[in-house]
Amino acid sequence: MTVDTTEARPIPTADWVTIPDLYADPYPIYQRLRAQAPIHWIPAVNRHLVIGYEACHAIELDQQRFSADEAQSLMKRSMGHSMLRKDDPEHDAERKAYGGVLRPKAIKQRWEAVFDRNYATYAARLRAAGPGADLVAEFAAPYAAENLRAILGFANATQQDLQRWSQTLIDGTGNYADDPDVWAAAERSSREVDEAIDEMLPALRAAPDGSLLSVLGTSGMPLDALRANVKMTIGGGLNEPRDALATTVWALLSHPEQLASVRAADRWSDAFEESIRWIAPISMYPREATRDTELCGMAIPRGARLGVAVGAANRDPAVFTDPEAYDVDRPRKPHLAFGGGNHFCAGAWIARASVVTIALPRLFTRFPGLRLAPSRPATVGGWVFRGVLSLPVHWD
Ligand code: HEM
């Protein structure tokens, strides 16, 4: 399809936007940008930032015009070339190789019991840390890491390894400053993951256990693609459930009347979906224009590096009433926090099971009087990955 771009408006430049400001709080920036246009050139991040809901969603559904296979991708350098940076049919073949590992049947038959056990382990750790403990460091982070370790099948690694690998590989994908120390840490983790995979694969081929490594190891996927996909899943499967969980707890504790309503009717799912709309754990991901084209009346040049800012789209007032507010009662319109189209998050069921089915109801019943620490407010930060950084809590 050829799109006539002669009538399209040029994209405005927003040279006042800085990375530290985006990290601290991107939402006032999105509001100011939105008043002008749904797409802006942002020199500080070297991308055309797409902030409108309609524009983000159109990109997700059109891999012909907007490819996931970015030429200058830092993710490819940090983690290798995974399916997340491929278009169909190559992407589709690798996604199919994941089989049912992340899907509802395996979750019911296998992972829910694992999440339950891991909940008990890290709830005990939180309790032992005592009132005033940081719910992110003592519970959400190790819980998410231990869950992912089991799903992936790394019997030869610890949850601390998973946390270190995830953070350093993600730091590599965002290393726009080309910091050599960041590359060194990412490369070290990449080597460690390769070694752990090499050690596990023969054992899992001999005794398959339903983990992702076990399934991929017999799928015929070439080793370099297998390694890249496992690294991408380490990067994409840990911070996000951690942040979704901590953000939901923080939002509910900050809105006691909504917590009462959620608790009374077991509406943990509403609370979770609203919190990832409100603060999308992955707030921006890249695409590249394959041709000169037009989107929402704006001219996009071939090769343009796009930042699909779903964190902004999720607060688009054209779609969500009073979008800056956390409101579990808002009419359910689809948010874009899990992406869309062919790359729609493969771990969405896992995230919902570990956070909605297991962690939230247990935390709020087994820690009576759970509340924010009065003198130490929660800290929130991040742009590409955004969430609650620390959440000191008390309980009775
Ligand atoms: C609340 C938690 C989560 C959020 C908000 C989230 C968000 C996302 C988003 C936005 C994408 C698409 C990125 C793009 O199109 O460039 C994605 C893809 C993906 N996610 Fe998640 N994710 C979460 C949890 C998980 C978990 C727990 C796992 C694994 C256990 C996982 C595995 C994946 C994989 C494998 C992909 C690549 C899909 C593909 O390329 O087809 N995610 N996720």
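This chain uses plain numbering: 1 for the first residue, then up along the sequence.
Residues satisfying the side chain to side chain contact (heavy atoms under 4.5 Å, CB included) test with V215, not counting sequence neighbours, are V101. Applying the side chain to side chain donor-acceptor pair (under 3.5 Å) rule to K333 yields no partners; only residues at least two apart in sequence or on another chain are considered.
Annotation for R103: atom CZ does not count as buried by contact number, only 12 or fewer foreign heavy atoms lying within 6.0 Å. Other residues, nucleotides and ligands contribute over 12 non-hydrogen atoms within 6.0 Å of the CD atom of E324.
For the residue pair K231 and S82, no side-chain donor N or O sits within less than 3.5 Å of a side-chain acceptor on the partner. Remark: the S67 side chain and the D87 side chain contain an N/O donor-acceptor pair separated by less than 3.5 Å. Side-chain atoms of D161 and T158 include a donor-acceptor pair closer than 3.5 Å. Side chains of D327 and W278: no donor on one and acceptor on the other come within 3.5 Å. A donor-acceptor contact closer than 3.5 angstrom is absent between the side chains of T13 and D15. In the model, R386 has no side-chain atom that pairs as donor or acceptor with a side-chain atom of S283 under 3.5 Å. Side-chain contact check for Q163 and Q159: at least one donor-acceptor pair (N or O, by modelled atom type) lies under 3.5 Å.
Counting heavy atoms from C-beta on, the side chains of F139 and V249 never come closer than 4.5 Å. Here the side chains of D329 and D270 are not in contact, with every heavy-atom distance at 4.5 Å or above. Annotation: side chain of W268 is not in contact with side chain of T248 (no heavy-atom distance under 4.5 Å).
At least one donor-acceptor pair under 3.5 Å links the side chain of S354 to the backbone N or O of A351. A donor-acceptor pair under 3.5 Å is absent between the side-chain atoms of S211 and the main chain of I151, judged by distance alone. A distance-only check finds a donor-acceptor pair linking the side chain of R305 to the backbone of N46 [under 3.5 Å].
Below 30°, between 30° and 60°, or above 60°: for F272 and F338 the angle between ring planes is between 30° and 60°, a tilted geometry. Ring planes of H255 and Y326: tilted class, angle from 30 to 60°. By the 30° and 60° cut-offs, the orientation of the rings of Y30 relative to Y27 is perpendicular.
Both the sub-6.0 Å distance and the 45° axial angle are satisfied by R32 relative to the ring of W16.
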